[in-house]
K.L.:
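Mind having a look at this structure? Questions to follow.
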Amino acid sequence: MVRVHLGMELRRFTDGVAEVEVEATTVRKLISKLDELYPGIGEHLEGTAVAINGEVIADPIYETVPEAAEVHFVPAPVGG
């Protein structure tokens, strides 16, 4: 299982849930599983950076996710 930490900007899709455990071996599968659990969240996760066990990956869609990993979706910077 992969432990996913959901930031404040994503909790509107999860009714306030901050962490969830999901079975997934790639970031693409992880996003798909999260979208099954929380419809609509997937489109907000695609194209974002991901931190897997503390390592930030800018283009992670095909990145593998190790068993028992800690995953954080990194929001795009806002402002100008």
K.L.:
So, using side chain to side chain contact (heavy atoms under 4.5 Å, CB included) as the criterion, who are the partners of P66 when residues are at least two apart?
P.N.:
I52, N53, A69
K.L.:
Test: salt bridge (charged side-chain N to carboxylate O under 4.0 Å, His left out). Region: residues 35-62. Which pairs qualify, not counting sequence neighbours?
P.N.:
none
K.L.:
List in chain and number order the residues that pass side chain to side chain contact (heavy atoms under 4.5 Å, CB included) with A49, two or more places apart in sequence or in another chain; answer none if no residue qualifies.
P.N.:
V56, V74
K.L.:
Supply the atom-to-atom distance T48 OG1 to I57 CD1, rounded to the nearest 0.5 angstrom.
P.N.:
11.0 Å
K.L.:
Can you run down the ring pair (Phe, Tyr, Trp, His ring centres under 6.0 Å) pairs that involve residues 45-66, sequence neighbours left out, and say none if there aren't any?
P.N.:
none
K.L.:
Looking at V27, V20, V22, L30, which hits side-chain contact (heavy atoms from CB on, under 4.5 Å) with V71?
P.N.:
L30
K.L.:
Same cluster or not: are L37 and V65 linked, directly or through other Ile, Leu, Val, Met, Phe, Trp or Tyr residues, by side-chain heavy atoms under 4.5 angstrom apart?
P.N.:
yes
K.L.:
Rounded at 0.5 Å granularity, tell me how far OG1 in T64 sits from NZ in K29.
P.N.:
10.5 Å
K.L.:
Please identify each residue that fulfils ring pair (Phe, Tyr, Trp, His ring centres under 6.0 Å) with F13, with sequence neighbours left out.
P.N.:
H44
K.L.:
Rounded to the nearest 0.5 Å, how far does NZ of K33 lie from CD1 of I41?
P.N.:
15.5 Å
K.L.:
Donor-acceptor pairs under 3.5 angstrom involving side-chain atoms of residues 2-10: please list them, not counting sequence neighbours.
P.N.:
unit_1	atom_1	unit_2	atom_2	d
R3	NH1	E19	OE1	2.9
R3	NH2	E21	OE2	2.8
H5	ND1	E19	OE2	3.2
H5	NE2	E70	OE1	2.3

K.L.:
Report yes if some heavy atom in the side chain of F73 is under 4.5 Å from a heavy atom in the side chain of L34; otherwise report no.
P.N.:
yes
